[in-house]
Chemist: 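There's a structure below that I have some questions on.
Note that these values count all heavy atoms, side chains included, but never hydrogens, waters or copies made by symmetry. Reminder, nothing fancy here: chain letters follow the sequence lines and each chain counts from 1. From a predicted model like this one, the values you see are computed outputs, not experimental measurements.
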Amino acid sequence: MEKDFKEKVLKIVSKINKGETMSYKEVARLAGKPKAWRAVGNILKNNYDNKIPCHRVVLSNGRPGKYNRGVQNKIKLLKKEKVKNLK
DNA sequence: CGTATGACGTGCA
DNA sequence: GTGCACGCCATAC
């Protein structure tokens with residue numbers, strides 16, 4: 001269990017600039033585990049840190065995916081961030 | 001230590 | 001383009 005992986009993922013997500021989105025696969029890739037995008041979602045779900053804009057992490061399909069505070073809230077936040085590239 | 005689960009991704013019909 | 005099934009990693013129990 002790479003604890004570093006979790007920290008890395010959180011750090012990378014926190015590095016996402018406003019108005020930008022990243023797919024789970026991209027985050028996992030930057031974290032060093034391009035095949036761990038499955039765990040990325042699990043980590044974010046267990047992590048409720050406000051410093052982690054997990055709402056900026058979307059699926060590779062361009063869909064918002066889910067959110068610990070509600071998918072609607074996620075979409076709303078992205079729209080507020082001027083990220084209307086959602087499908 | 002083994003099984004089950006989950007914010008997913010890809011392939012095939 | 002849509003829908004279903006399988007595979008994947010890390011974490012929790």
Chemist: Show the nearest heavy-atom pair for residues A/Lys25 and A/Trp37, with the distance to one decimal.
Modeler: CG-CD1, 3.5 Å
Chemist: Are A/His55 and A/Leu78 close enough that some pair of their side-chain heavy atoms sits under 4.5 Å apart?
Modeler: yes
Chemist: Is the shortest side-chain heavy-atom distance between A/Lys6 and A/Val9 below 4.5 Å?
Modeler: no
Chemist: With a 4.5 Å limit on heavy-atom distance, are the side chains of A/Cys54 and A/Asn68 in contact?
Modeler: yes
Chemist: Counting only distance, no hydrogens or angles, is the base of C/dC9 paired donor-acceptor with the side chain of A/Arg38 under 3.5 Å?
Modeler: no
Chemist: Whole angstrom is fine here: how far is it from CG in A/Asp4 over to P in C/dT11?
Modeler: 11 Å
Chemist: Applying side chain to side chain contact (heavy atoms under 4.5 Å, CB included), name anything that partners A/Ile12, two or more places apart in sequence or on another chain.
Modeler: A/Lys8, A/Met22, A/Val27, A/Leu30, A/Ala31
Chemist: Can you list, by residue number, the residues of residues 40-61 of chain A that have a non-hydrogen atom closer than 4.0 angstrom to DNA chain C?
Modeler: A/Asn42
Chemist: Side chains of A/Asn47 and A/Leu10: closer than 4.5 Å at any heavy-atom pair?
Modeler: yes
Chemist: Between A/Ala39 and A/Arg63, which is nearer to the 5' end of DNA chain C once each is assigned its nearest nucleotide?
Modeler: A/Arg63
Chemist: Heavy atoms only, 4.0 Å cut-off, all strands: where does A/Ala36 land among base, sugar-phosphate and nothing?
Modeler: sugar-phosphate
Chemist: Has the side chain of A/Lys74 got a donor or acceptor atom that lies under 3.5 Å from a matching backbone atom of A/Pro64?
Modeler: yes
Chemist: Going 5' to 3' on DNA chain B, which nucleotide is the first and which the last to come under 4.0 Å of a heavy atom in chain A?
Modeler: B/dG6 to B/dT10
Chemist: Nearest whole angstrom, please: distance from the C1' of C/dA10 to the NZ of A/Lys33.
Modeler: 10 Å
Chemist: Is it true that the side chains of A/Lys76 and A/Asn73 contain a donor and an acceptor less than 3.5 Å apart?
Modeler: no
Chemist: Send over the distance from A/Leu10 CG to C/dT11 C1', rounded to a whole Å.
Modeler: 13 Å
